[in-house]
**Student:** 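Pasting in a structure now, in structure tokens, and then I'll have a few things to ask.
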Amino acid sequence: MTYAIIMAGGIGTRFWPKSRESRPKQFLKFFDERTLFQNTVDRISKIISHDRILVITNEQYVDLVQQQIPDLPAENIIGEPIGKNTAPCIALAATIVKERDPEGTMIVLPSDHYITKPDKFLSVLQAAVAKANEGANLVTIGIEPHRPETGYGYIQFNTGSNEEFDGIKVHEVVTFAEKPDIETAVSFLKSGDFLWNSGMFVWKASTILDEIKIDLPHLHNLTNAFPDSTKKNGIHEALNNFYRNANDISIDYGVMEKAQTVYVVPGDFGWNDVGSWLAVYELEKKDKLGNVIKVPSSRLINSSNCYVSSSTNRFVAVVGLQGVAVVDTDDALLVARLDGAQDVKKVVESLNDKQTKPYRSKVIVKDQW
């Protein structure tokens with residue numbers, strides 16, 4: 001059987017002041033009446049039933065997950081006591097899947113991506129599942145690049161390997177590349193054998209655990225002990241023990257970059273990782289001056305290519321600005337250049353003293369989800 005693992009533990013620091021520690025990006029609405037997390041579940045539910053969808057999230061978001069997907073079984077929602085990156089999250093999920101189904105296959109998905117062509121996306125996933133089920137194969141999803149992007153990692157593939165599953169190609173992976181500078185990104189695009197790294201994976205639970213045993217033996221020992229710890233101490237204490245002792249490491253760095261049998265399925269299904277306010281701006285409909293206006297009442301004078309959003313009833317005026325984000329909530333206001341929106345996380349990182357910390361974690365009463 002095939003299971004979906006949805007990773008929903010991030011705190012969304014680049015989307016302050018809308019995103020807070022108490023209700024981060026994945027649990028917010030941006031483009032329609034469903035949150036990013038709900039849309040992720042909705043997409044995968046077309047091929048995987050809710051009883052085989054597991055959500056790995058922070059323990060403080062368990063209630064949010066249950067509220068947003070009420071018919072998801074409670075035992076399928078795993079609350080991490082501490083965030084320790086993707087390798088422990090995936091190792092734990094693989095252990096749970098293998099306990100339920102020793103031959104189970106996993107589709108691992110982030111919870112906060114935006115996809116405009118869900119049918120094409122599901123076809124790519126099904127090709128990846130077919131390759132994963134062939135043997136001890138680790139499969140990732142690569143996005144066909146449209147520009148020399150410096151904000152994504154890249155995957156280089158072997159152009160001579162051209163397996164097909166229902167008309168969708170699968171290639172051997174040559175190497176993984178970190179986020180490049182602009183010159184390197186241009187060369188990647190010109191070469192024609194690089195894809196953006198989407199952070200989506202498909203493999204048998206047993207296959208990834210075998211690879212973790214080779215590359216991250218300490219983590220593998222923790223996964224081995226987890227089922228017995230759960231029976232002996234209960235799920236909460238077992239989770240505390242597991243995360244307290246797990247290393248903070250990504251699955252890419254800890255496993256994928258070292259493994260031998262790695263494959264990539266290229267996809268072009270309208271993907272965006274929605275990594276900043278600039279990404280939200282780019283995905284929204286714009287007026288004739290390139291502005292995105294999401295406020296009850298406003299005036300933009302001599303302003304263009306701006307993103308203006310408010311969850312209050314305040315009148316918003318923007319005068320003489322270009323390429324700026326204005327994001328207003330009931331207790332905080334952000335004004336930032338869209339091309340520098342990645343640095344919004346630095347604001348959140350600075351909110352540590354007694355006076356400012358509430359702006360980092362406070363629930364936004366009027367926020368929509």
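We count residues from 1, following the sequence as given.
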**Student:** Hey, are the side chains of Leu125 and Phe121 touching, using non-hydrogen atoms and a 4.5 Å cut-off?
**Tutor:** yes
**Student:** Could you check whether Asp42 and Ser45, counting side-chain N and O atoms only, form a donor-acceptor pair closer than 3.5 Å?
**Tutor:** no
**Student:** Hey, is Arg337 close enough to Asp339 for a salt bridge, meaning N to O under 4.0 Å?
**Tutor:** yes
**Student:** Answer whether the closest heavy-atom distance between the side chains of Lys46 and Asp119 falls below 4.5 Å.
**Tutor:** yes
**Student:** When clusters are formed from ILVMFWY side-chain contacts under 4.5 Å, directly or step by step, what else is grouped with Val335?
**Tutor:** Ile293, Val295, Leu300, Val308, Val316, Val318, Leu321, Val324, Val326, Leu333
**Student:** Is there a donor in the side chain of Asp51 and an acceptor in the side chain of Ser49, or the other way round, less than 3.5 Å apart?
**Tutor:** yes
**Student:** About how many Å separate CZ of Arg244 and NZ of Lys84, when rounded to the nearest 0.5 Å?
**Tutor:** 9.5 Å
**Student:** Can you confirm whether the side chains of Asp193 and Thr159 place a donor and an acceptor under 3.5 Å from each other?
**Tutor:** no
**Student:** Do NZ/NE/NH1/NH2 and the carboxylate oxygens of Asp215 and Lys258 come within less than 4.0 Å?
**Tutor:** no
**Student:** Write down the atom of Ser303, the atom of Gly320, and the distance for their closest heavy-atom approach.
**Tutor:** OG-N, 3.1 Å
**Student:** Is there a donor-acceptor pair closer than 3.5 Å between any side-chain N or O of Gln156 and the backbone N or O of Ala177?
**Tutor:** no
**Student:** Taking atom CD of Glu237 as the centre, does the number of heavy atoms from other residues, nucleotides or ligands within less than 6.0 Å exceed 12?
**Tutor:** yes
**Student:** Judged by atom type as modelled, is there a donor-acceptor pair below 3.5 Å linking the side chain of Tyr154 to the main-chain atoms of Ala185?
**Tutor:** no
**Student:** With sequence neighbours left out, write down each residue that passes side-chain contact (heavy atoms from CB on, under 4.5 Å) with Ser304, or none if nothing qualifies.
**Tutor:** Leu289, Gln322
**Student:** Tell me, do Leu216 and Asn247 make a side-chain contact under 4.5 Å, heavy atoms counted?
**Tutor:** no
**Student:** Indicate yes or no: at least one non-hydrogen side-chain atom of Glu349 is less than 4.5 angstrom from one of Thr13.
**Tutor:** no
**Student:** To the nearest 0.5 Å, what is the distance between NZ (Lys25) and OG1 (Thr35)?
**Tutor:** 12.0 Å
**Student:** Is the backbone N or O of Val174 less than 3.5 Å from a side-chain atom of Asn158, with the two atoms forming a donor-acceptor pair by type?
**Tutor:** no
**Student:** Count the heavy atoms of every other residue, nucleotide or ligand shown that sit under 6.0 Å from CZ of Phe31, and state whether that count exceeds 12.
**Tutor:** yes
**Student:** Do the side chains of Thr57 and Phe37 get nearer than 4.5 Å, heavy atoms only?
**Tutor:** no
**Student:** Verify the neighbour count for atom NZ of Lys345: are there more than 12 heavy atoms of other residues, nucleotides or ligands below 6.0 Å?
**Tutor:** no
**Student:** Can you confirm whether Asp287 is buried at CG, in the sense that more than 12 heavy atoms of other residues, nucleotides or ligands lie under 6.0 Å from that atom?
**Tutor:** yes
**Student:** What pair of heavy atoms forms the shortest contact from Pro110 to His113, and how long is it?
**Tutor:** CG-CE1, 3.4 Å
**Student:** Closest approach of Val173 and Phe176, non-hydrogen atoms and distance?
**Tutor:** CG1-CE1, 3.8 Å
**Student:** Would the Phe30 and Phe15 ring centres measure less than 6.0 Å apart?
**Tutor:** yes
**Student:** Counting distance only, does the side-chain N/O of Asp343 pair as donor-acceptor with the main-chain N or O of Lys346 below 3.5 Å?
**Tutor:** no
**Student:** Could you tell me which residues satisfy side-chain contact (heavy atoms from CB on, under 4.5 Å) with Arg100, sequence neighbours excluded, listed by chain and number?
**Tutor:** Tyr3, Leu54, Glu75, Asn76, Ile96
**Student:** Under 4.5 Å between any side-chain heavy atoms of Trp16 and Leu351, yes or no?
**Tutor:** yes
**Student:** Can you spot which of Asn137, Leu209, Val108 makes a side-chain contact (heavy atoms from CB on, under 4.5 Å) with Trp203?
**Tutor:** Val108
**Student:** Under 6.0 Å between ring centres, would you say that holds for Tyr307 and Tyr281?
**Tutor:** no
**Student:** Would you say the side chain of Met200 lies within less than 4.5 Å of the side chain of Ile107, judging by non-hydrogen atoms?
**Tutor:** no
**Student:** Is it the case that atom CG in Asn352 sees more than 12 heavy atoms from other parts of the structure closer than 6.0 Å?
**Tutor:** yes
**Student:** Determine whether a donor-acceptor pair (N or O, by modelled atom type, separation under 3.5 Å) exists between the side chain of Thr40 and the backbone of Ser111.
**Tutor:** yes
**Student:** Do you reckon Phe27 sits in the same ILVMFWY cluster as Ile44, going by side-chain contacts under 4.5 Å, direct or chained?
**Tutor:** yes
**Student:** Between Ser19 and Gly12 (side chain of the first, backbone of the second, donor and acceptor by atom type, cut-off under 3.5 Å), is there such a pair?
**Tutor:** yes
**Student:** How about CD on Gln260, more than 12 heavy atoms from neighbouring residues, nucleotides or ligands closer than 6.0 Å, or not?
**Tutor:** no
**Student:** Return the CD1 to CD1 distance between Ile5 and Ile208, rounded to the nearest 0.5 Å.
**Tutor:** 12.0 Å
**Student:** What distance do Phe201 atom CZ and Ile90 atom CD1 have between them, rounded to the nearest 0.5 Å?
**Tutor:** 5.5 Å
**Student:** Side chains of Ile143 and Tyr152, heavy atoms from C-beta outward: is any pair under 4.5 Å?
**Tutor:** no
**Student:** Write down the atom of Pro266, the atom of Val124, and the distance for their closest heavy-atom approach.
**Tutor:** O-CG2, 4.0 Å
**Student:** Has Lys213 got more than 12 heavy atoms of other residues, nucleotides or ligands less than 6.0 Å from its NZ?
**Tutor:** no
**Student:** Where the side chain of Arg52 meets the backbone of Thr2, is there a donor-acceptor pair that is under 3.5 Å apart?
**Tutor:** yes
